[in-house]
Each structure stands twice: as structure tokens, then as C-alpha cells.
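Let me begin by presenting the structure, written as C-alpha cells, before commenting on it.
Atoms considered below: every heavy atom in the structure, side chains included; atoms not considered: hydrogens, waters and symmetry mates. Letters A, B, ... are given to chains in the order of the sequence lines, protein chains preceding strands, and every chain is numbered from 1.
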Number of protein chains: 2
Amino acid sequence: MQDTKDRIVSLADQLIKSRGYNAFSYKDISDPLEIKNAAIHYHFPTKTDLGVAVIDVELQQFMASTGKLAAQPEDKQLKFLFDTFSRKNKEGLVCLMGSLSPDYETLPEPLQDKITDLSSAILEWTSGCLERGREKGLFRFEGEPSDRALLVISNLLASLLLSRVMGSKVFGRITHQLLRDLGAGK
Amino acid sequence: MQDTKDRIVSLADQLIKSRGYNAFSYKDISDPLEIKNAAIHYHFPTKTDLGVAVIDVELQQFMASTGKLAAQPEDKQLKFLFDTFSRKNKEGLVCLMGSLSPDYETLPEPLQDKITDLSSAILEWTSGCLERGREKGLFRFEGEPSDRALLVISNLLASLLLSRVMGSKVFGRITHQLLRDLGAGK
DNA sequence: TTGTTTACTTACTTACAAGTAAGTAATTTT
DNA sequence: AAAATTACTTACTTGTAAGTAAGTAAACAA
């Protein structure tokens, strides 16, 4: 069955987003799934392989979700991005980038490369969304769309981190300002 | 000598900002300082004690630096905050909050409490700075100063994280937009 | 000058992490 | 029916982490 393999990836994903890559061990996966640690090594020979698989799944889900939304107006599309982060905030999780980037220097190269891929994909999508949205008058902002996209992503990422430390209401306070600055929903 | 103790804290600070709290070990400190790991335990019985000391020093330095700037105009004061982060960016480091918040759930309680203290101090100072600056016409923004402060801190924190992954130019691209949105330096 | 404190080292312990080699039971292929 | 593959388990190994108990050399205090 593909079942166990999927469950391992899914649990690893949760663990990275809740405790960080360096802070979780195979035991955190084998115990709840009631399997042995060697079973994880059967599916993912090294922890690096598991980490890469987690990012791969995230990237594929991102591509699939945004692909389905492509026909919608850009403010709706951007709302999808905000909703994704809002959901994570409610679960007390941070995003993959927010979890992995502080540890970036300690991560094996294949993982570093995957993180770069993921960040590029998110940045490109957001840039395109903002650019087309501004052309249609759905957003109002100055400067390059790619720079503004960077600012949006930066805020979403950090609002999850700060919510952990300062309380979950912080997320809404930050994103509210962010959307106002974009002239969205006006 | 206080010398060794200070060097331990200083190295631990660098290690947390470059590799993360869970990813550094006493060996990373004892080797370069050419002491034994037991020497670190003499000054800091547990790793938690060392982590707390690192945040304490950061908090004291922050208080001292901002105290000295209190008489200056608020745009100059805010520039100090940006410069602090810009320096870290050039060294390839992230800020303490950026490094510790993803691992927050895995950290011992005394450390969690200290992080909360640090975040409160930075948020309060930035809020005050923005509020007084807006009254004087140095800044232009809508909404509560404390909400806007949250946005500023969020961006500074995340711009260091994203710079790691996407290249150090990202920092300038984000902060430039940020300052423009504040109507600073106009 | 003797006793105590400071700042360590030496030499451990305990725990747990990632990873592996060899075996097995069930399913699938030939 | 026999052979091979899949999805594991059992039982390790190796490495490294935090932490500790006991000893020591130098400085200082009585």
C-alpha cells in the first residue's frame, strides 16, 4: 500500500511545520503510526530524502491549487493564498519556508535546492497575480510587482512566526494592513 | 576572568543566528574557544541557561541602543532599526526572533518566556517610534501604530530569512517598499 | 600560611539520533 | 508451483548530544 508512505510524508510535513526539521526524529513518526523506524528508512533511506519528499508534495499541491484558480479574478486568487496561511495559523503551524529558512545553512544540499525551487514558484505566482490584478484595477500599489510580491510573502511568512510568540491575533492584524496597502477589496 | 563567559555567550548568539538553537551543540563552542564542554557547563549548567543569557544580552543591548537615540527624530530612530537588520543581512545572519520562533514549541519554558519579553520590547519601542513620528509628520500611514509596527517587524524578520534562500538583495527590495509605504524619507 | 573560592580539565554516563544488515510473511509475477 | 518482489520487523551499530562527579592549579582571603 502507498498508504504508509503517504502517512509518513504527511506526518513529517506536520512535524517540520510545528517543531522544525532538526527538532523532529524518526521516533516522532514511527510511534504514532505504530511502525518501526526501519520502516521509514525503507521508504526514505535518509532524512534528507524524506525532507525532499515533503517539499515535493507541497510544491505539487501548490501547482495544482493555483492551476485550478487561474480563471478567477486576481483578488480572489490572492485571497486563496491568504486563506492558506490563515488555516495554518489556526492550526498553530508555520509555513515550510518559515520553518526551513532559519536552519537553511544546516540543511543538506538537496533540501536547500528544493527550498529554492519552492520559493521561486511562490514568488513567480504571486508576482504574476499582482501584476495582472493591478492592470485590471483590482490592486493599487507602486513599484515592481515582483518586489511587492516579495513583501506580501515576507509578511505572510513572518505573521505565522510572530503569531506563535505574540498570540494568534497577530496574523490578522498584519494581513489586514497588508491588504489595505494593496488597495485590495476597496 | 569574565572573558570566557562573555565569549561563550557571544559565540552562542552567533550560532543561534546562523544555525538555530536546536542545531548547535556545546562542541561548536568549546572547539573554537579551545576549552572543554564541561567549562561551558560550569558557566551555564544547562543549554537553556545559555539560551536565556543570549536573549538577556540582546535585550540589554537593545535597551541601551534605543535609549541613546531617544532624543533624535523618529525617522532617524527607525533608520537605526533598519540598519541593525541590514548589518545582520550582510553577515548572513537572521535575527533572534526569526531564528527562535519556528522552534518555539520545542524550546524550554524559560526560553519561551524570554522570547516573549524580547518581542514585546521591540514591538513597544517600534510602536512608540511610529506614533510620535506620525504626529510630527515624519511618517504617513493609516491604522494603529502598534499594527503598523507589527508589519514593520514582520518584514524585517522575514527579509533576513528570505535573503538566505533567495539571495541577499531580497532584503533591500523588501525594506525599500516598506519605507515607501510608511512615507518615510519623502 | 592555611583555607576557600574560581575557573577550569579529565573522564565519565545516559540518552537518543540516524542508519543498516538480515530475516520474514504476504502478495505478485512467471 | 516456484521465484521474485514488496513492505515491513528484529536487532543491531555508530555517532553525538547534554550533562555530571571528581580532581586540580592558581588566585585571593583570613
Side-chain angles (χ1 to χ4, degrees), chain A residues 1-55 57 99-100 102-112 114, chain B residues 1-55 57 99-100 102-112 114:
Chain A
M1 289 290 134
Q2 193 69 346
D3 216 48
T4 302
K5 191 171 184 178
D6 288 345
R7 278 185 220 190
I8 292 170
V9 173
S10 169
L11 235 177
D13 177 79
Q14 285 238 333
L15 285 164
I16 290 174
K17 288 170 180 167
S18 60
R19 317 180 69 78
Y21 181 80
N22 288 318
F24 88 88
S25 78
Y26 279 33
K27 201 165 183 299
D28 297 321
I29 293 172
S30 58
D31 275 358
L33 295 189
E34 291 177 277
I35 55 177
K36 301 297 159 181
N37 74 329
I40 307 174
H41 282 287
Y42 169 74
H43 291 289
F44 304 99
T46 69
K47 196 178 177 182
T48 304
D49 296 319
L50 178 52
V52 165
V54 166
I55 303 183
V57 167
S99 174
L100 295 173
D103 301 340
Y104 191 75
E105 305 292 334
T106 74
L107 301 176
E109 231 186 271
L111 250 175
Q112 293 189 343
K114 277 288 162 189
Chain B
M1 290 289 135
Q2 192 70 346
D3 217 46
T4 302
K5 191 171 183 178
D6 288 345
R7 279 185 220 190
I8 292 170
V9 174
S10 168
L11 235 177
D13 178 78
Q14 285 237 334
L15 285 164
I16 290 174
K17 288 169 181 168
S18 60
R19 318 180 69 76
Y21 181 81
N22 288 318
F24 90 87
S25 78
Y26 278 34
K27 201 165 183 296
D28 297 321
I29 293 173
S30 57
D31 276 357
L33 296 189
E34 291 177 278
I35 56 178
K36 302 296 160 182
N37 75 329
I40 307 174
H41 282 286
Y42 169 74
H43 291 289
F44 304 98
T46 69
K47 197 179 177 183
T48 304
D49 295 320
L50 178 53
V52 166
V54 166
I55 303 183
V57 167
S99 173
L100 295 174
D103 301 340
Y104 191 74
E105 305 293 334
T106 74
L107 302 175
E109 231 186 272
L111 250 175
Q112 293 188 344
K114 277 288 162 188

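Using a distance-only test at 3.5 Å, with no hydrogens or angles considered, no donor-acceptor pair links the side chain of B:Thr106 to the main chain of A:Arg19. Listed for the A:Lys114 side chain is no donor-acceptor partner under 3.5 Å among the backbone atoms of A:Gly51.
With D:dG19, D:dC8, D:dA17 as the choices, the nucleotide that has an atom nearest any side-chain atom of A:Thr4 turns out to be D:dC8. In this structure, of C:dA18, D:dA11, C:dT10, it is D:dA11 that holds the atom nearest to the side chain of A:Ala38. Closest contact between the side chain of B:Lys36 and the listed nucleotides D:dC8, C:dT9, D:dA18 involves C:dT9. In the set D:dT20, C:dG19, D:dT9, the nucleotide with an atom closest to the side chain of A:Tyr26 is C:dG19. Among the nucleotides D:dG19, D:dA11, C:dT9, the one closest to any side-chain atom of A:Asn37 is D:dA11.
In this structure, B:Arg7 atom CZ and C:dC8 atom P are separated by 10 Å, rounded to whole Å. The separation between A:His41 atom NE2 and C:dT20 atom P is 7 Å, rounded to whole Å. As rounded to whole Å, 11 Å separates atom P of D:dA18 from atom CG of B:Leu15. Across the protein-nucleic acid pair, A:Asp49 atom CG and C:dG19 atom C1' stand 12 Å apart, rounded to whole Å. What separates CD1 of A:Ile29 from P of D:dT9 is a distance of 14 Å, to the nearest Å. A:Asn22 places its CG atom 12 Å from the P atom of D:dA17, with the value rounded to the nearest Å.
Between A:Thr46 and C:dA18 there is no side-chain N or O to OP1 or OP2 distance below 4.0 Å. Between B:Ser25 and D:dA17 there is a side-chain polar atom (N or O) within less than 4.0 angstrom of OP1 or OP2. Residue B:His43 places at least one side-chain N or O closer than 4.0 Å to OP1 or OP2 of C:dC8.
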Query raised in the report: Can you list the steps and then say if A:Asp28 with A:Ser25 is a side chain to side chain contact (heavy atoms under 4.5 Å, CB included)?
Result: CA-CA 5 Å; A:Asp28 297 321; A:Ser25 78; 3.7 Å; yes
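Among the protein residues, A:Tyr42 comes within range of the nucleic acid bases, having at least one heavy atom under 4.0 Å from a base atom. Looking at heavy-atom distances under 4.0 Å, B:Lys47 makes contact with sugar-phosphate atoms alone, never a base. The residue B:Phe44 sits apart from the nucleic acid: no heavy atom pair falls under 4.0 Å.
Cation-pi geometry between B:Lys36 and B:Tyr42 is not satisfied (NZ or CZ under 6.0 Å from the ring centre, within 45° of the ring normal).
A:Thr46 and A:Asp49 share a donor-acceptor pair across their side chains, judged by distance under 3.5 Å alone.
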